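Below you'll find the structure, written out as structure tokens, and then a few comments.
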Amino acid sequence: MKVSTLSKGLAFGAALLAFTPGAMADMNAELVIDGVTLITRAPAPEHMNINEIISGWVYRSDETQAMQMDDFDNPGMLAVDAAAIAWETAEGDAGKSCASCHNDAASMAGLRTEMPRYNEAAGDLWSLEEYINDCRTERMGAEAWGWNSTDMINMTALISIQSRGMPMNVAIDGPAAPFWEQGREMYYTRFGQLELACANCHEDNYGNMIRADHLSQGQTNGFPVYRLKTTSLNSQHNRFRGCIRDTRAETFAIGSPEFKALELYVASRGNGLSVEGPSVRN
Amino acid sequence: MAENVTPRVRVPRSAAVGEVITIKTLISHIMESGQRRDGDGNTIPRSIINTFSCDFNGQNVFSVDLKAAVSANPYFEFSATVPEAGEFTFTWNDDDGSVYTDVKAIEIA
Amino acid sequence: MKISRRATLALGGSAALVAMLPLPAFADANDDAIAAFTGGAEMADTGLTLTAPEIAENGNTVPIEVDAPGAVSVMIIATGNPNPGVCTFNFGPLAGNQHAVTRIRLAGTQDVVAVAKMADGSFAKASANIKVTIGGCGG
């Protein structure tokens, strides 16, 4: 049965209730963790069609916002604790741990702000997960972690928090440019039976409600994110996969070149927002 | 034993005699509710943390009887009166018989 | 086998009659849980504060707080869950106060009920209606 684009559009429009969320989010709240104020609103980078970029934290309910403001209340910190132990644990043939070469995890400060980035030696765009696995397989003689495995997500949380507060700053020019272009094209491409592009929700309708969800800009500065729904940490690719699957499309694979390109583009839409990882979302 | 169960406890390092302090506890645990089904349609059996207790120098401060409706990664915040220097002992009991514990010392300021 | 209209109506009628009869064997699970805790005693509607969000961001993790000065224990019931029991807080001799916070799972919009048992043997009850929503695309 062919459903006309118009009726699909109307159906989509109907799903977006245009009432003010009110009690659901304090849009003017400030995110302060351990005395450090994080940047949750910033002028949008030049390449974008909107004026202000806003962290997903701003769109969440008071209770959810509060959960992220205290490192103890934030269940994502359990992952950071677990990874801190893994950081010191020797693994693999070389008998090394992360600490053997990198000393303190604090040496990772700044790394998260640049991810994903072009890796000269590999001649490819690399996500943080690939840098981690490269160390494991090439320098530790250990087995690679699955992209979406608990070990990997925990480690990305440990590395992300070392940059907490620092503004995202991914490169989109030079060798990264073709990947960025690919990601940008994906962002504006309609996928699935529902024929939805990322932009339809996250650029055209952020701030509105989709059913009972307060739509955010789809920023990734908070990843890996502790989702209240799954009560576990989620990676960016996992979230992309979920979104695309929800448009009733055949989704790309976690770790695929398409998702890495998309990761770069989406990260660039957040350049200027503070790294929050691990964050708390719904 | 449930996988990767790690307790996390926040207790102030010191307190005045008789002071009321706030304690927060978190433990990573999936709290399998017994409501979910696996790929074959079989119910995944309940496997949760069923009790939590906090004692100080042998005296009980606070305890909880948990059912499956407590969220995964169970979180509790409660208060304790500190009569003297000593140790807080935290105990979580799992349906599968495992017992997880943590200990935090506190000094008198 | 042909069933006459009269027989069918009689069958239907008696089924309807049975459905309308009170079925004492199936007393409300929520009432049972509360009765087990209070022994059927009266519950005052003051002395216990239950703090919960009006709209839960996600039903899987809903933060709630109870405060019942002088309470020995506080039981939480989720009246709309498959099983009503959520948890029971017990305050020991070294408890600094009778305030506790936790996070719970709610299967859908419902009343969450808290019942406090006081040191003097009396009971108090408080409830909060929490809306649990279906998300957008994220579910």
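Because the structure is a prediction, the values reported are computed rather than measured.
- Minimum interatomic distance between L66(B) and C87(C) (heavy atoms only, all atoms of both residues): CA-CB, 4.2 Å.
- Note that the CG atom of L106(C) and the OG atom of S71(B) stand 8.0 Å from one another [nearest 0.5 Å].
- Summarising the geometry, atom OG1 belonging to T88(C) is positioned 6.0 Å from atom NZ belonging to K67(B); distances are rounded to the nearest 0.5 Å.
- Annotation for Y75(B) and T102(C): closest pair O-OG1, 2.8 Å, computed over non-hydrogen atoms.
- Note that the CZ atom of F62(B) and the CG atom of N97(C) stand 10.0 Å from one another [nearest 0.5 Å].
- Among all heavy-atom pairs drawn from D65(B) and N90(C), the shortest one is OD2-ND2, 3.4 Å.
- Put simply, of V62(C), T61(C), N60(C), I104(C), the one with the most heavy-atom pairs under 4.5 Å next to chain B is I104(C).
- Neither the backbone nor the side chain of P74(B) comes within contact range of chain C; no heavy atoms are under 4.5 Å apart.
- Considering every non-hydrogen atom in both A69(B) and G85(C), the closest pair reads CB-O, 3.8 Å.
- Considering only residues two or more places apart in sequence or on other chains, A105(B) meets the side chain to side chain contact (heavy atoms under 4.5 Å, CB included) condition with E87(B).
- Interface remark: of the candidates V64(B), V20(B), V61(B), V61(B) forms the most heavy-atom pairs closer than 4.5 Å to chain C.
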Test log, rule side-chain contact (heavy atoms from CB on, under 4.5 Å), inputs H99(C) and T22(B):
CA-CA 10 Å; H99(C) 172 254; T22(B) 302; over 6 Å; no

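- In this structure, the portion of L26(B) lying under 4.5 Å from any heavy atom of chain C is its side chain and not its backbone.
- Without hydrogens or angle criteria, S79(B) side chain to A95(C) main chain gives no donor-acceptor distance under 3.5 Å.
- Side chains of F89(C) and F76(B) form a contact here, defined as non-hydrogen atoms less than 4.5 Å apart.
- The shortest distance between side-chain heavy atoms of N83(C) and Q35(B) falls below 4.5 Å.
- Atom CD of E107(B) has 12 or fewer heavy atoms from other residues, nucleotides or ligands within 6.0 Å.
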